[in-house]
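To keep things clear, I will list the structure first and then write my remarks on it.
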Amino acid sequence: MDEEIIAEIEKDYIFDLIQKGTRSDERNLEEYRDINIETNYVKKADGSAKVSLGDTKVVTGVKMETGEPFEDTPDQGVLITNAELNAMASPVYEPGPPGKEATEISRVVDRGIRESEAIDLKSLCIEEGEEVWMVFVDVHVIDQGGNLFDVSMISAISALLTAEIPYEQYDKDPEATSLNINTIPVSCTALKCGNGIIYDPTYIEERIGETRLTVITDSSENIVGMQKGLGGSWTQEEIKEVVKTSTQKGKEIRKTIKSSI
Amino acid sequence: MDEEIIAEIEKDYIFDLIQKGTRSDERNLEEYRDINIETNYVKKADGSAKVSLGDTKVVTGVKMETGEPFEDTPDQGVLITNAELNAMASPVYEPGPPGKEATEISRVVDRGIRESEAIDLKSLCIEEGEEVWMVFVDVHVIDQGGNLFDVSMISAISALLTAEIPYEQYDKDPEATSLNINTIPVSCTALKCGNGIIYDPTYIEERIGETRLTVITDSSENIVGMQKGLGGSWTQEEIKEVVKTSTQKGKEIRKTIKSSI
Amino acid sequence: MDEEIIAEIEKDYIFDLIQKGTRSDERNLEEYRDINIETNYVKKADGSAKVSLGDTKVVTGVKMETGEPFEDTPDQGVLITNAELNAMASPVYEPGPPGKEATEISRVVDRGIRESEAIDLKSLCIEEGEEVWMVFVDVHVIDQGGNLFDVSMISAISALLTAEIPYEQYDKDPEATSLNINTIPVSCTALKCGNGIIYDPTYIEERIGETRLTVITDSSENIVGMQKGLGGSWTQEEIKEVVKTSTQKGKEIRKTIKSSI
Amino acid sequence: MVKVEKPDEFIDEEGKRVDGRDLNELRPVKIEANVLNRADGSCYIELGDNKIYAAVYGPREVHPRHLQEPDRAIVRYKYSMAPFSVSDRKRPGPGRRSKEISKVSEEALESAIFLEKYPKSVIDVFVEIVESAAGTRTTSLTAASVACADAGIPMRDLIASCASGKIDEEIVLDLNEPEDNHGDADVPVAMMPRTEDITLLQMDGDLTAEEIDEAIDLAKEGCKQLYEEQKNALKSKYGGK
Amino acid sequence: MVKVEKPDEFIDEEGKRVDGRDLNELRPVKIEANVLNRADGSCYIELGDNKIYAAVYGPREVHPRHLQEPDRAIVRYKYSMAPFSVSDRKRPGPGRRSKEISKVSEEALESAIFLEKYPKSVIDVFVEIVESAAGTRTTSLTAASVACADAGIPMRDLIASCASGKIDEEIVLDLNEPEDNHGDADVPVAMMPRTEDITLLQMDGDLTAEEIDEAIDLAKEGCKQLYEEQKNALKSKYGGK
Amino acid sequence: MVKVEKPDEFIDEEGKRVDGRDLNELRPVKIEANVLNRADGSCYIELGDNKIYAAVYGPREVHPRHLQEPDRAIVRYKYSMAPFSVSDRKRPGPGRRSKEISKVSEEALESAIFLEKYPKSVIDVFVEIVESAAGTRTTSLTAASVACADAGIPMRDLIASCASGKIDEEIVLDLNEPEDNHGDADVPVAMMPRTEDITLLQMDGDLTAEEIDEAIDLAKEGCKQLYEEQKNALKSKYGGK
């Protein structure tokens, strides 16, 4: 009970700060926390990245296998993206199959990769209709410090950028050593709190947000995905502003990714 | 609480009426509510029917695919009947896999189709032991106004009667345009309430029934299936009477089906 | 409540007896209850045994099918061991998929068979990489009177010892009529209660045990498996003693098995 | 795939069935009460090659609590087959067939129990088919009701249950495996033998109204014979000869 | 495998789409309120070949209880597709797509409901796609908000929802199946038409900032047309013309 | 399929193992406490190529409540492997191996905790194998007990855990992957180093009584070395040098 009262007071404090244009960790409203990317972290994976954004921590591993293509895309490799919110990451997560939150994250990250055409799925065809490469991207959140969309997207694309196709293991002729990724999709998440719109929200800021908007941009600064979340609503003007700021922030994050791999 | 007391009073009232040979909606004890059948309702299905019986509403769709036969019937097509009691149909249903009630309905409908040999499963063999037509009959209850057995059976057979085999879609030589159904299985459900035996019970009548008996007859007026349900018991004399009345009622329902397709 | 108090008093009584070197059913600390083995109990199984140890009752059936080998052992048959703690066996068991206790039992029995090389899995290869015999060992506990590890192991190996490969049923050339089992793994389970270490604990003795140790020996009296269980701890000296006693007891149980089949 | 072959004829010139029985003859039956120690009541039954255990726990508290009925006990009946009980290994876990059998058996058993004596509680019935040879649902029910009596649950009467069916144009009692697989109809029946009230009735196949009546008549005969065996099993445990 | 073929051109010389519509034209729409008897509120909608039922139960008690919110109602939105609603039979049960749609739809609907009026309770919304033809998530949401109104749940406004998208370099309203499968972008939008507050927004594809703005403008137009149909459906049930 | 090849010999003439270690030498180890912010206690460990996170929540309230023990805390231990932690991708979700490891680890950890101090509560331990390279169950347990200490849970002692095993007729410490896959026996051990009480013991393979004793002796040595690393990790977080 007491703990809840303290939490309420803290929330009010954070909300008030945002109305004044600042934040409890002294960032400005649009500022991201420090990003730290360590690629090739897991040797047994074909690609991997451990990423922290402030105190949010995510490990992503990429594994590739050969398998059958989907019936409606016989000449394309298969991309499967999963997100796991490990019970260790937060007091409110529980072990078990992915819930609504994990499902939404995995689908948004998947769309970011897919719609930006970051991976040329046709290059992953081994024999049309028979055998293709299946690319499994497993995003594991181990410390939930807020803004899981953005950090999941960063870790997924970082792991893919450094992935190597396991030709030898599957006795296949090597055609390329890596996945040949030409564009880097980056997501930026905005949160509306009263009159303020903040970016890269922390775990506690997310508790006071009224509504959320994630915008994914690619290397040409086109928009390749959007996802509104939480109750609450956005005006069209606000959306315009978020799209603009996210494009700008995405550019900076993309630079950080490039310099880390 | 109040609501429950009212419900109890209503149940007593309905029970008393039945003892006097009549019902709250003024039907006689053996009378069915109006049947309304709309076939070819879902264009994407290979066969479909929306059926209402009083205010009970069921939509059934038939889909056909090619697949492997069962090992013990290599020369026969495969019939798979599912019933879903959608959570929208009643305040007591919940989303999730089929429970006991849905399982019983799907099995009784399945047996009605199978035992009456309404579908000639051998005619659905494409290549013995290799490839056959699989017929999926999905019965979706969307408004639970009582007597789900009978309305599910009506909608399943109506959907099958109008189904067309999707030869083109699967690049197969067309051998027949429809499923070639020669007999129309119809179920009639009787409910014992004190001294009265009523047919086509409503949702609230089902709450006061002591025991239930469903009798399925085919076009030759043979009995092809029976299913006793609920606690309570029947005497052999009562069963004889229910078999007789159900055969008669089944004839009428069969006429309605034929005139609707 | 009263029942629980009685249970507590009974536990104290049993504990005190053990401290004095005796037991409520007058066995000495290392003594097993009577073992009764009935093989070929289930005609439809390829091998079977109904085993009772005191009032613990287990039925095990062996079924064999042909199937694909595992990728990493293309020249070996497949052994799959399941344990089911049927809800009828105890007031605390519930219907459903295997829980922690059943999983541990199935894995320990499986390791006993596997590590002792009781079955020559290579002899179960029909065509390398293509087709092998799959051996399903299903251990069903129907009365939980304590010491499930040992009785499950006895019933599993007894069923295997009497199993016949169903060559005819699968149209295969008979190479051997039986599974050709050369060693008989036997498990012995010790339970530490205060200063006493008892063997073959009953259901109620298990409730007062601090820690458990199961030792599996083969016909050459080598140790092929161990499993510590429950909270609590063992000293190295105690472990040595349990290994020695279990080897001795295992010899006696092996004799009983041999004389029963 | 194990196939039970269809015989050329189900009934020979002397009116005997493939296993030598008369048309109205049950397979050999053996019933034993109180065979398990943990359960409140239990029963073991063999009918032909069928081997079945039934166990009863309760009346006891209901979990989860929202299943409680304020004015009566509920019955939960769980029919399950061991993977090795049938010719082709059955995967563990209940399929749709088991679920349906559990439901109709539960309802058949409920009819006989004075449920109103135990409000808010549950009577759990577990049935395990160790070997299956046609007629498991009815044989299980016969065993379950003995287990209930063994558990001291007050009942109007025992439930005795067996099937009749149609083969080679004849109505016969207690179908065996080839008859069940290749016959023309199967009519499982359960009843309270004293009043002849029928608490389970199913039918698969193709019968006339008259044949159904005849099938029920014959099943009743079978139930009455089983009833004697049920009573004997209970007597031999609890004396009172 | 049924394949929806990509047409040679999505828009002909006269500016008409493959189904003859103008770029800013909705497919034919039909909305009916109060079509089910058990539900507290319900709605049936057709938009082109889409056929969808929505039903609402509540506000009612929450089970399991730990999901209760002390100061407001929760909304549970369940989007589900009948196996026969699509070209290739869909296996029963919710996949990841259905889960995501349920989540964003739930959040979109929540925005419009005065949740604080019903602490500790739940509003259950069930949506069943009987036939699916592109645009099911938005069309479902349009129906669901009518069902909420039909159930008498107090709301700021109805939620009207439709998608816009990009084909052949043009931003168009309400994508049909070939446009949805082979177009360049899809922008589902939901809003409260009175204030134009946007409560659902997703985007898949490849668009510039300007195109997104244009797509939202167009979707708003569509939402306003649907809003009139929603109000008509409610009026024709409850009078008040 | 990735295969770990069996080397021609596990031990060379100079008594060195394939990775250059002595028979009684652990792989390089690195332990860090308090690495996660949400968890009440946490630990990161590397042993050779193993990379493992452990986190502890609690003592906290038990849900569902019927799992509560009136007089003590319960421990729930969840061992899980990331799909990418092994050579051939592992499907998500716990298999039977994970379930068994969780059970024996839970029991091993329980022995060290003063459970009676926290009646009706639960201590949740989550272990995530990020990279797996033989010895994950023992290494996880070593990390989990540091995480418990980091969470301030009162314990009799830390639990240190490692395996010994048999290769080429020799008993060796801390099997690596080829030794684990192709060796003759594996003996995972956990203990409270101060009293040398053994709280986890398993064995797979083929050993004599003497070899088991020798294997336990060697594992104890390994546990004691790990114990020093565990204490150092906690000291470097909490001072007290």
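Naming: A, B, ... by sequence-line order, numbering from 1 per chain. Treat the numbers as computed from the prediction; the structure is a model and nothing was measured.
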Is there a donor-acceptor pair closer than 3.5 Å between any side-chain N or O of D55(C) and the backbone N or O of N37(D)? no
Can you check whether H182(D) and F10(D) have ring centres sitting under 6.0 Å from each other? no
Side chain, backbone, both or neither: which part of N86(C) has a heavy atom under 4.5 Å from chain D? side chain
Which atoms of A54(D) approach chain C - backbone, side chain, both or neither, heavy atom under 4.5 Å: backbone
How far does CD1 of I18(C) sit from CZ of R23(C), to the nearest 0.5 angstrom? 6.5 Å
Quick check on V125(D) against chain C: is it the side chain, the backbone, both or neither that has a heavy atom closer than 4.5 Å? neither
Side chain, backbone, both or neither: which part of P91(C) has a non-hydrogen atom closer than 4.5 Å to chain D? both
Name the region of Y57(D), side chain, backbone, both or neither, that has any atom closer than 4.5 Å to a heavy atom of chain C. side chain
Check whether S48(C) gets within reach of chain D through its side chain, its backbone, both or neither, counting any heavy atom under 4.5 Å. neither
pair L67(D)-R76(D): side-chain heavy atoms closer than 4.5 Å: yes
For chain D, find which of K57(C), K63(C), E84(C) contributes the most heavy-atom pairs closer than 4.5 angstrom. K63(C)
Let me know if N82(C) has heavy atoms under 4.5 Å from chain D in its side chain, its backbone, both or neither. side chain
For the pair Y93(C) and E101(C), evaluate side chain to side chain donor-acceptor pair (under 3.5 Å) and give the outcome as yes or no after the intermediate values. CA-CA 10 Å; Y93(C) 293 162; E101(C) 190 182 352; 3.1 Å; yes
For a quick test of reading the model, state the closest non-hydrogen atom pair linking G112(C) to P185(C) and the distance between them. O-CB, 3.5 Å
Can you say whether A87(C) sits under 4.5 Å from chain D via the side chain, the backbone, both, or neither, judging by heavy atoms? both
Under 4.5 Å to a heavy atom of chain C? For S42(D) that would be neither
Could you tell me whether the side chain of E131(D) and the main chain of K43(C) form a donor-acceptor pair under 3.5 Å? yes
